[in-house]
Amino acid sequence: MTLSPPRHIAFVLSRLHRQGFQAWCVGGCVRDALLGRAPADWDIATSALPQQVLAAFPGCGASLAGAAHGTVTLLLPGGSAEITTFRVDGDYENHRKPRQVLFTPSLAQDLARRDFTVNAMAYCPGLGLFDPFSGLADLENRVLRCVGQPAPRFDQDALRILRCLRFAAVLGFTIDPLTRQGARQSRGLLPGLSGQRVQEELTRLLPGPWAARVLWEEQEILFAALPELAPLAGCGQESLYHRYDCWGHSLCALHHAPPLPVLRWAALLHDCGKPLVKSIDQNGIAHFYNHGQAGAQAAGRLLRRLGFPSFLLQEITRLVEHHSQPLPIGEKRIRSLFAQWGPQGLFRLLDLVQAHTLALAEEPARRLLPLVLGAKALAREIGNQAGCLSPRDLALNGRDLLSLGYSPGPQLGAALKRLFELVLAGKLENRRPALLQAARAWQKPAPP
Ligand code: ATP
Ligand code: MG
């Protein structure tokens, strides 16, 4: 078997070899290349110590930011290369990071510290594959299996539990029974991870094609990481609109949402307010009044705990708040949604409405889906007609308004917004003279 690392990686390998060191491509790049997927990056592991790596590449830009862990990053014309000295991890601290890093001359020892067998292979052009843990067989059988005993491996670093789910969700691999058991047993350690690390893993997991299946099978693990979602499971939706409880519905919506992190997060959280506001009327029908608002608040707290940047937090909570749009959506509401959400926001909202509709009971889903698709078609049509889908597309800009005597700040912003709304509503043509005329007319005469 031959894998083809990029030229700058092959250059690093051969120079290290010529100087008498071992050097191999390791980890995710070997896994992905064997699967025929484009590797995100090609990590190199070597027997050379960081200072020896530096000395082998004089004149190349180098970053030593990771040197304490044995990593030197070289900046080469073809791209950057991360080169890490073979290492074994010392004792683990707080189930998340090794207390110390020890270098070793042994590639096999370096691979032994890695999480899963499919991530513990090394490849070198000319030498081929080094695979002491039978990662290739697991790759061919599409199985995730810990290197070594699962329980202590997950206890050492609880992030591996989420990495396991992430690889299952992205690659569609099954989790070996013992590895699965170890991951489940160690889930109590997940609350000890930093919100940021949980967020990064889940944000990579959610767009995976198998995300809904994995989260269904491993819901106890997800609920250990995100206890706010646990009440969704078993929260019945006693009405003709639903076939699943809130959790089943959320995952079904997740499955139908486009694989974009923002939309997948919004789908996962869109009904998290339901258990908080559920009521049952005298006919036994469940109601969830204002669950969008309650959900947006709960989702906001959860996302803040996970360290989401505020622009994403706002986008996701806004989608959660407004996901239950009454259908059909007529032209007037589409125009006003355009004005409030902008084109990108509106199409994302409609994608979420569509995902949530597909997760309803069969009859309402069949009846309502054409209405959602109709709203999307209408939105596209209006967008094309107006040729102006956001205030930035106006045939006039802030500078034009300044030259008319508008003052910078809220007055100018409000005038642009009003012009944009009129254009979207079809009441004003998106042409400079018409826009200038309207803006001039709104100007209050200057005080004497
Ligand atoms: P991707 O880059 O697609 O996320 P990857 O497998 O390359 O996948 P990285 O986080 O880049 O993941 O890590 C590179 C390699 O380092 C992994 O393939 C694995 O061998 C090892 N590794 C990473 N994180 C851990 C961990 N928490 N425990 C053990 N080994 C790990
Ligand atoms: Mg990687």
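Because the structure is predicted, anything quoted here is derived from the model rather than measured. Both ligands and their constituent atoms are indexed starting at 1 by order of listing.
Sorted by first and then second residue, the salt bridge (Lys or Arg N to Asp or Glu O under 4.0 Å) pairs with a member in residues 286-306 read Glu228-Arg305; sequence neighbours excluded.
With ligand atoms numbered from 1 in the order given, ligand 1 contributes 1 (P), 2 (O), 3 (O), 4 (O) to contacts under 4.0 Å with heavy atoms of Arg204. For ligand 1 and Gly28, the ligand atoms under 4.0 Å from any heavy atom of the residue are 5 (P), 6 (O), 7 (O), 18 (O). Close approach of ligand 1 to Asn119 is summarised as follows: ligand atoms under 4.0 Å from at least one heavy atom of the residue are 6 (O), 18 (O), 19 (C), 20 (O). Heavy-atom proximity to Gly27, at under 4.0 Å, picks out these atoms of ligand 1: 18 (O).
Taking all heavy atoms of Arg114, Arg166, Arg163 into account, the minimum distance to atom 13 (O) of ligand 1 is reached by Arg163.
You'll find the ring centres of His270 and His249 inside the 6.0 Å limit. Between His8 and Trp42, the ring center distance fails the sub-6.0 Å criterion.
Heavy atoms of Phe116 stay at 4.0 angstrom or farther from ligand 1. Within the 4.0 Å heavy-atom shell around ligand 1 one finds Arg113.
At a heavy-atom distance under 4.0 Å, no atom of Trp42 approaches ligand 1. Residue contacts with ligand 1 for Asp157 involve side-chain atoms from C-beta outward but no N, CA, C or O (heavy atoms, distance under 4.0 Å).
Ring pair Trp24/Phe130 is tilted by interplanar angle, where 30° to 60° counts as tilted. Relative orientation of the Tyr289 and His287 rings is parallel, given thresholds of 30° and 60° on the angle between their planes.
The shortest N or O to N or O distance between Arg153 and ligand 1 is not below 3.5 Å.
Checked by atom type and distance alone, the side chain of Asp110 pairs as donor or acceptor with a backbone atom of Arg87 at under 3.5 Å. A donor-acceptor pair under 3.5 Å is formed between the side chain of Asp176 and the backbone N or O of Leu178.
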